[in-house]
Amino acid sequence: MIVLEERIVPATTRRAVAKAVRAGLMSLRAAPPVRLSDWAQEHFFLSPEGSHTQGKWSAYPFQVAILDWMGDDAIEEIDVKKSKRVGYTKMLLALIAYNAAHRRRKQALWQPTDDDRDSFVKSEVEPMLRDVRALAAVRLRQTTEDTLKLKSFMGSVLHLLGGKAARAYRRITVAVSMLDELDGFDQQIEKSADPVTLARGRLEGAPFPKLVCGSTPRIKGLSHVDHRFAQAEARMVCNVVCPHCCVEHPLSWGGRDKPYGFKWDEGAPETVRHVCPHCRNAITQADYLRGWEEWVWVDQAGRYRYAPDRVWRDSRGQPCRPPRHVGAHVWAAYSPQRAWDDIVREFLQAREKAKSGDTGPLQGFINETLGDVWEVQGERTETAVLMDRAEPYALQTVPEGALVLVAGVDVQDNRFEIVVWGIGRGEEMWVVDYQVLEANPADERDWDKLDAYLATRFPQAGRPSSLGIEAAAIDTGGHFTHQVYNFARLRERRRVLAVKGSTRYGGPIKGRASRQDVNWKGTVIKRGVKLWEVGTDTAKDLIYGRLRITAPGPGRVHFSRDLGQEFFEQLTAEMRILQRTSTGDQYRWVKRRPRNEVLDCTVYAVFAAQALDLHRYTEAMWLRLEQLVQPPPDLFSQPAVVAAAEEVASATPVVAAAHVAPPSADWLPERSDWL
């Protein structure tokens with residue numbers, strides 16, 4: 001019989017084991033339900049790095065409702081359209097801490113860029129992890145995986161990501177998705193989808209999915225948060241109760257043409273007061289702060305109310321289920337951090353600057369202080385105007401005057417989009433065809449569809465002859481870069497060009513070319529394809545200018561009546577606005593709607609035309625090409641056509657005008673030295 005010697009376990013070891021057991025069992029403990037606003041009141045802490053003061057946090061009255069909605073499982077989506085200085089960042093941090101320490105839910109937060117993410121983590125998240133004691137109990141010891149991108153807790157994680165690249169929205173599964181400063185995100189993430197759609201996709205399968213978006217709105221028509229606020233089931237604004245008539249109303253800026261809102265004596269911002277829209281009596285900021293505990297959030301459509309009793313009620317005052325999607329709008333006047341007279345001074349200074357032509361401060365006032373969108377007087381082409389200009393010629397037929405065909409191709413996840421343009425004398429342009437080929441670009445066989453289409457010959461209107469596509473440019477900027485590289489590599493003699501857009505200010509439409517490696521089927525082909533840079537903003541400037549030409553002749557753009565409305569909406573999907581940059585004010589093209597493939601294809605087609613040097617053609621060259629391709633009846637015999645072709649070829653050594661085959665004569669040999 002073997003007897004084991006009894007060992008005495010040190011007290012420190014026993015305490016360590018007990019602590020480890022308690023920590024391991026913590027994930028099994030069901031915490032009693034508590035609202036986010038109540039949890040934050042007890043546990044949340046203001047860190048000195050991100051606040052003017054430090055210590056326990058007490059929410060402003062108007063913040064209580066927003067916090068409750070952020071933590072309510074019955075509300076799946078909440079969008080906060082806000083100004084600065086309303087404490088949104090602190091509310092977002094409280095939500096993160098609440099999800100980690102109280103609910104143990106996986107969550108992800110996206111900032112517009114990686115730099116924004118890095119700054120947010122260092123100045124806000126890491127001080128919070130240090131100072132909020134409730135997080136210390138669930139915070140795991142830092143590992144090599146714990147970085148700026150990931151914070152680990154017992155039973156949950158926090159992903160912290162920049163929102164510029166589509167890969168930032170992949171391979172994570174969370175219960176809470178948060179997008180901060182939503183209007184700073186691109187309208188479309190790398191030709192995939194908008195950032196909200198991508199972030200929402202990470203919630204699939206969650207028992208209580210939560211999508212939280214917040215932002216200062218920017219430009220009307222391009223504002224993510226303004227669009228989502230408008231789409232919300234309940235669009236909530238915070239009402240205060242007038243001490244004179246006891247009728248509730250929101251704080252509003254009003255304006256010179258309105259008898260209510262902010263008013264002050266001329267030249268005396270310190271006299272500012274808020275005039276009630278019902279009784280026309282006024283209150284000061286001190287009056288507002290004395291009664292701000294009597295807040296009530298009301299839906300703009302009158303369907304919902306949320307008062308200090310913190311119960312959702314319908315228009316009859318009866319308790320009801322919370323709306324699935326809530327929008328909230330709050331601006332600086334509600335916050336005690338902004339003095340009302342300071343708001344007035346900011347406005348007066350911005351107005352003076354606007355009179356001298358500098359609208360930047362006024363835009364900043366509307367965005368940052370009023371929490372509203374700025375309506376840009378930008379340059380754009382209206383869809384209806386172009387549709388009214390459409391002409392009665394058939395698609396897939398080359399109109400009289402179109403002498404050279406070029407194509408632009410945009411590669412999407414499930415299709416090829418192609419626009420074929422006919423170019424004539426003075427670069428007059430006709431839409432010859434618009435096609436959407438359903439395909440999977442990841443499947444090599446589906447590229448045969450595109451190959452066959454680019455080999456199409458289009459009949460000339462009223463003539464027995466046809467024209468083929470002389471040059472095609474294919475965008476490489478999507479998910480199928482190397483598939484495009486390989487496709488273009490094998491078709492260089494057919495003038496199929498791989499292109500990549502560049503928004504470099506003032507860059508040429510036909511930029512430089514560089515040799516790129518092609519990774520095809522696991523084999524790297526060194527310097528296998530020539531990749532061309534396209535000055536997209538410059539091309540859009542050119543296209544926009546041409547769309548404004550109404551007289552027939554050089555530069556005029558023609559459209560067929562067979563084109564659908566979607567074609568015109570995509571062509572006019574962007575507008576040019578003046579933006580302030582680090583190098584001064586510059587014009588930039590920005591989207592007004594998600595889809596703009598027709599415009600992109602047109603940009604690539606314009607590049608293809610310049611790659612053929614058509615923009616350098618003289619009047620004599622156009623005349624010779626016209627006589628070659630669309631000669632007057634009975635004036636030219638076949639020998640004369642060949643002679644004309646030889647003359648044009650000798651006159652244009654870089655790109656011969658005879659690239660377009662004459663009637664019934666495939667006489668032009670392919671050239672490998674055309675560029």
Side-chain angles (χ1 to χ4, degrees), residues 381-410 417-437 453-473 542-573 597-606 608-609 612 614-615 617 622-623 625-635 657 659-664:
T381 303
E382 296 296 341
T383 302
V385 173
L386 298 184
M387 293 182 68
D388 290 342
R389 279 174 37 187
E391 303 168 19
Y393 70 84
L395 287 177
Q396 300 183 346
T397 300
V398 182
E400 189 74 15
L403 306 176
V404 182
L405 301 187
V406 293
V409 182
D410 192 51
E417 298 224 9
I418 313 159
V419 181
V420 179
W421 287 88
I423 312 296
R425 181 194 299 265
E427 294 185 89
E428 196 168 359
M429 300 173 64
W430 290 260
V431 180
V432 174
D433 197 18
Y434 169 49
Q435 286 290 329
V436 179
L437 302 180
Y453 181 84
L454 295 180
T456 301
R457 296 191 67 83
F458 296 87
Q460 297 197 76
R463 296 176 181 271
S465 55
S466 63
L467 297 182
I469 296 172
E470 289 301 306
L542 176 64
I543 293 166
Y544 171 81
R546 289 179 176 176
L547 290 175
R548 300 174 66 183
I549 297 174
T550 57
R556 166 79 179 211
V557 181
H558 301 264
F559 305 99
S560 167
R561 289 180 183 172
D562 294 344
L563 293 165
Q565 182 175 346
E566 180 66 17
F567 177 92
F568 293 95
E569 288 183 348
Q570 290 191 29
L571 184 64
T572 58
E597 290 87 349
V598 168
L599 178 58
D600 285 344
C601 288
T602 302
V603 167
Y604 307 144
V606 168
L612 293 173
L614 298 183
H615 60 300
Y617 272 29
W622 284 115
L623 177 61
L625 182 58
E626 188 176 68
Q627 292 173 343
L628 172 66
V629 176
Q630 294 177 351
D634 303 321
L635 293 181
H659 280 155
V660 182
S664 66

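Side chains included, hydrogens not; waters and symmetry mates left out as well; all remaining heavy atoms used.
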| Between Tyr453 and Phe458, how do the two ring planes meet: parallel, tilted or perpendicular, split at 30° and 60°? | perpendicular

| field | Steps toward side-chain contact (heavy atoms from CB on, under 4.5 Å) verdict (Ile549, Val557) | value | CA-CA 8 Å; Ile549 297 174; Val557 181; over 6 Å; no

| remark: Between Gln570 and Val598, the two heavy atoms sitting closest are OE1-N, 3.0 Å

| said: To check you understand the geometry: which heavy-atom pair defines the closest contact between Val629 and Gln460, and what is its length? | reply: O-NE2, 3.5 Å

| said: Ignoring hydrogens, what is the shortest heavy-atom contact between Glu417 and Tyr434? Give both atom names and the distance. | reply: OE1-OH, 2.9 Å

| field | Worked verdict on Glu626 versus Trp622 for side-chain contact (heavy atoms from CB on, under 4.5 Å) | value | CA-CA 6 Å; Glu626 188 176 68; Trp622 284 115; over 6 Å; no

| request: Grab the two heavy atoms, one from Ile423 and one from Ala609, that are nearest each other, plus how far apart they are. | output: CG1-CB, 4.3 Å

| field | side-chain hydrogen bond (donor to acceptor under 3.5 Å, both in side chains) contacts touching residues 398-410 (sequence neighbours left out) | value | Lys191-Asp410, Glu400-Arg463, Asp410-Gln412

| Can you tell if the side chain of Thr550 reaches within under 4.5 Å of the side chain of Arg556, non-hydrogen atoms only? | yes

| field | Distance, nearest 0.5 Å, that separates CG of Leu571 from CG of Leu563 | value | 9.5 Å

| remark: d(Phe568 CZ, Asp388 CG) to nearest 0.5 Å is 9.5 Å

| request: Determine whether Glu597 and Val419 make a side-chain contact, defined as any pair of heavy atoms from C-beta on separated by less than 4.5 Å. | output: no

| said: As an exercise, state the distance from CG of Leu454 to CG of Leu405, rounded to the nearest 0.5 Å. | reply: 11.5 Å

| remark: Between Gly422 and Ala402, the two heavy atoms sitting closest are CA-CB, 4.0 Å

| Between Trp421 and Val432, which heavy-atom pair has the shortest distance, and what is it? | C-CG2, 4.2 Å

| field | Donor-acceptor under 3.5 Å (Ser560 side chain, Tyr393 main chain) | value | yes

| message | Once rounded to the nearest 0.5 Å, what's the spacing between atom CG of Leu403 and atom CG of Leu625? | response | 5.0 Å

| Val420 vs Gln435, side-chain contact (heavy atoms from CB on, under 4.5 Å): CA-CA, chis, key distance, verdict | CA-CA 9 Å; Val420 179; Gln435 286 290 329; over 6 Å; no

| remark: Between the CG atom in Leu623 and the CG atom in Leu628, the distance rounded to the nearest 0.5 Å is 11.0 Å

| task | Measure the shortest side-chain to side-chain distance between Asp562 and Gln396 over non-hydrogen atoms and say whether it is less than 4.5 angstrom. | result | no

| Do Leu547 and Phe559 touch side chain to side chain, with heavy atoms closer than 4.5 Å? | yes

| task | Mind running side chain to side chain donor-acceptor pair (under 3.5 Å) on His615 and Glu427 for me, showing each step along the way? | result | CA-CA 7 Å; His615 60 300; Glu427 294 185 89; 5.5 Å; no

| message | Just to verify, what does Glu569 make a side chain to side chain contact (heavy atoms under 4.5 Å, CB included) with, not counting sequence neighbours? | response | Thr383, Gln565, Glu566, Arg593

| message | One pair to check against side-chain contact (heavy atoms from CB on, under 4.5 Å): Thr456 and Asp433. What are the steps and the verdict? | response | CA-CA 11 Å; Thr456 301; Asp433 197 18; over 6 Å; no

